[in-house]
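Down below is the structure, laid out as structure tokens.
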Number of protein chains: 2
Amino acid sequence: MVRLWHTAVVPRTESMSPMSRVELPVVGEPAPERADASRNRQKILEAARRLFAQRGLAEVTMETVAREAGVGKGTVFRRFGDRGALLEALLDEQERELQERLLRGPPPLGPGAPTRDRLTAFLDALLDLWEQHGKLVLASETSAPGARYRTGAYAAWHQHTMLLLAECRPDADASLDAHLLLAALDAQLLTHLREEAAVDRERLARGLRELATRLSA
Amino acid sequence: MVRLWHTAVVPRTESMSPMSRVELPVVGEPAPERADASRNRQKILEAARRLFAQRGLAEVTMETVAREAGVGKGTVFRRFGDRGALLEALLDEQERELQERLLRGPPPLGPGAPTRDRLTAFLDALLDLWEQHGKLVLASETSAPGARYRTGAYAAWHQHTMLLLAECRPDADASLDAHLLLAALDAQLLTHLREEAAVDRERLARGLRELATRLSA
DNA sequence: CGGGAAAACGGACCGTTGGTCCGGATCGCG
DNA sequence: CGCGATCCGGACCAACGGTCCGTTTTCCCG
């Protein structure tokens with residue numbers, strides 16, 4: 001099952017708006033969201049973000065989110081389908097910005113810099129992103145194993161990494177290598193390294209750069 | 001909280017056996033398991049293994065395991081504490097054998113072969129291991145995020161990898177590199193690659209060998 | 001502006017599942 | 001054999017994700 005990329009933009013409306021006079025079941029835009037619906041979507045996202053920020057992970061139930069948002073539990077589920085999807089929506093929101101910078105931002109993240117530099121800059125940025133909402137990623141992974149890999153965001157990271165790698169080494173199995181490289185940014189691993197193994201950010205970044213260099217040389 | 005490595009060997013007995021005459025609260029061996037207890041532990045492990053083999057992952061509840069083992073639910077929990085621990089025990093059982101081969105088996109896995117070869121042989125073996133009970137690993141990861149990294153088995157893999165890497169490149173941050181390399185064997189990633197991205201075993205193995213080579217050169 | 005159908009709301013309700021508890025059966029040592 | 005320690009088992013509990021449906025809100029159209 002392929003999930004829509006930007007859940008915030010394409011709501012899961014139950015039915016299509018019946019086109020005025022023509023009977024063709026046009027597969028165009030889904031019916032726009034009603035005012036109260038989109039208001040509540042915002043409230044829910046905000047509440048969820050807030051709660052996840054303070055209490056971590058599994059401590060936040062769907063009902064809590066509903067209460068914090070001042071909304072019924074049913075509403076939360078209708079808007080987001082299930083817990084996993086809510087978490088995904090939350091992540092998505094934050095990850096879109098990085099994607100924007102990748103495609104159209106200034107070098108070295110955006111186009112223009114040497115490929116090698118873009119790659120390390122990208123990994124750095126991903127690491128930053130994880131610092132910010134690693135908890136969230138972690139939580140999302142518990143509800144549905146492997147969910148991360150089915151995300152639009154992951155697909156984008158992978159695509160980007162693959163292209164950069166392929167440019168450095170046209171002979172390589174760039175797609176696979178990209179996956180293996182991104183594995184180093186697994187939320188569980190990073191959490192473990194930071195919290196149990198006491199690896200600081202700088203050391204981690206160095207290790208990642210080294211890894212990327214060796215993979216692209 | 002550090003969990004005992006071999007759950008199967010050191011049962012979680014509720015109390016210590018009061019030492020015969022000396023009053024010192026000696027912290028030695030815990031009381032040995034009673035006959036019925038250890039018999040049931042076996043029955044439970046077997047049942048769990050069987051069930052996980054056919055039905056996958058989340059389809060198996062603790063109660064199912066209990067019934068299949070012909071045992072009360074309470075017994076399962078008393079023996080293993082919680083779901084995560086049961087899964088860990090199951091994994092542990094299978095992983096010990098590989099550890100044995102690493103330490104005392106024939107080359108190239110065991111001592112004797114060139115370091116580089118031992119490393120790739122090891123990764124190959126890990127991949128094999130995952131083929132066999134990847135489902136199990138996946139399931140265990142859902143119940144407690146990051147559990148894998150707190151396992152004795154993971155510590156062993158890491159230790160082994162680190163030593164081999166350090167031997168190849170004494171200047172490297174071997175510990176960190178070992179973690180990053182092992183990340184490529186993450187259960188979720190492997191599952192994704194095999195099932196969604198249709199990467200076959202051979203290609204995967206090649207990729208891993210390549211990665212290892214580049215990290216140790 | 002008013003009315004009515006479509007859509008959304010909300011919270012009571014349900015089923016499942018991990019985990020606990022305790023009266024009674026078992027074990028094993030002396 | 002006898003008796004305390006240990007373990008058994010399944011009824012029981014609480015929590016949580018998810019559903020349902022009577023009520024309210026929206027918004028389109030005349």
Side-chain angles (χ1 to χ4, degrees), chain A residues 11-21 29-44 47-48 51 55 57-88 139-140 142-145 147, chain B residues 11-21 29-44 47-48 51 55 57-88 139-140 142-145 147:
Chain A
R12 318 189 166 192
T13 316
E14 282 88 350
S15 71
M16 289 300 183
S17 67
M19 293 315 279
S20 36
R21 60 201 66 195
E29 302 291 308
E33 210 163 50
R34 240 172 61 171
D36 48 354
S38 94
R39 208 183 318 138
N40 281 337
R41 147 166 295 128
Q42 268 331 59
K43 286 202 286 182
I44 291 168
L51 286 177
R55 295 126 92 156
L57 291 129
E59 308 310 315
V60 181
T61 81
M62 295 299 266
E63 192 151 15
T64 316
V65 172
R67 249 204 316 275
E68 174 84 9
V71 126
K73 193 156 86 150
T75 303
V76 177
F77 279 95
R78 196 169 333 94
R79 273 290 85 78
F80 294 96
D82 61 27
R83 184 185 166 87
L86 172 58
L87 298 185
E88 260 178 53
S140 114
T142 50
S143 67
Chain B
R12 317 189 166 191
T13 316
E14 282 88 350
S15 70
M16 289 297 183
S17 66
M19 293 316 279
S20 37
R21 59 202 65 195
E29 303 292 308
E33 210 164 51
R34 239 173 63 172
D36 47 353
S38 95
R39 206 183 320 135
N40 280 337
R41 147 167 295 132
Q42 269 330 49
K43 286 202 287 183
I44 291 168
L51 286 176
R55 294 125 94 156
L57 290 129
E59 307 311 315
V60 180
T61 82
M62 295 301 264
E63 191 150 14
T64 315
V65 173
R67 248 204 316 276
E68 174 84 10
V71 127
K73 194 159 90 155
T75 304
V76 177
F77 278 96
R78 198 171 328 97
R79 273 294 82 79
F80 294 96
D82 61 25
R83 185 186 167 86
L86 172 59
L87 299 184
E88 260 178 53
S140 115
T142 48
S143 67

Which of the following nucleotides, D:dT19, C:dA8, C:dT20, is nearest to the side chain of A:Phe77?
D:dT19

D:dC16 P sits how many Å from A:Arg55 CZ, rounded?
11 Å

Looking only at heavy atoms, the pair that brings B:Arg79 and B:Ala37 closest together is NH1-CB, 3.1 Å

Nearest-nucleotide 5' precedence on DNA chain D, B:Ser38 against B:Glu63
B:Ser38

Looking at C:dA8, I'd like to know if its phosphate oxygens (OP1 or OP2) sit under 4.0 Å from a side-chain N or O belonging to A:Thr75.
no

Candidate nucleotides C:dG28, D:dG17, D:dC27, ranked by approach to the side chain of B:Ala35 - the nearest:
C:dG28

base_contact_polar (C:dT17 base, B:Arg83 side chain, donor-acceptor, <3.5 Å)
no

Determine the contact category for B:Arg67: base if any of its heavy atoms lies under 4.0 Å from a base atom, sugar-phosphate if only primed atoms, P, OP1 or OP2 are that close, otherwise nothing.
nothing

Rounded to the nearest angstrom, tell me the gap between atom CG in B:Leu87 and atom P in C:dG19.
11 Å

Rounded to the Å, how far apart are B:Asp36 CG and C:dG28 C1'?
10 Å

Please pick, from D:dC7, C:dC13, C:dC9, the nucleotide with the shortest atom-to-atom distance to any side-chain atom of A:Asn40.
C:dC9

What's the shortest heavy-atom distance between A:Ile44 and A:Phe80, and which atoms?
CG2-CE1, 3.7 Å

Separation of D:dC8 atom P from B:Phe80 atom CZ, nearest Å, is 11 Å

Length of the line joining B:Glu59:CD and C:dT16:C1', which is rounded to integer Å:
13 Å

Under 4.0 Å from OP1 or OP2 of D:dT25: is there any side-chain N or O of A:Arg34 that close?
no

In whole angstrom, give the distance that lies between atom CD of A:Glu33 and atom C1' of C:dA6.
15 Å

On a heavy-atom basis, the closest approach of B:Gly70 and B:Lys43 is O-NZ, 4.0 Å

Apply the test side-chain contact (heavy atoms from CB on, under 4.5 Å) to residues B:Leu86 and B:Met62: give CA-CA distance (whole Å), side-chain angles for both, the deciding distance (0.1 Å), then the verdict.
CA-CA 9 Å; B:Leu86 172 59; B:Met62 295 301 264; 4.1 Å; yes

To the nearest angstrom, the CZ-C1' distance between B:Arg78 and C:dA25 comes to 12 Å

Which pair of non-hydrogen atoms, one from B:Ala47 and one from B:Val65, has the smallest distance, and what is that distance?
CB-O, 4.0 Å

Closest to the 5' end of DNA chain D, once B:Gly74 and A:Met62 are matched to their nearest nucleotides, is B:Gly74

Using a cut-off of less than 4.0 Å, is there contact between a side-chain N or O of B:Arg79 and OP1 or OP2 of D:dC8?
yes

Could you tell me the separation between the CG atom of B:Leu86 and the P atom of C:dT17, rounded to a whole number of Å?
16 Å

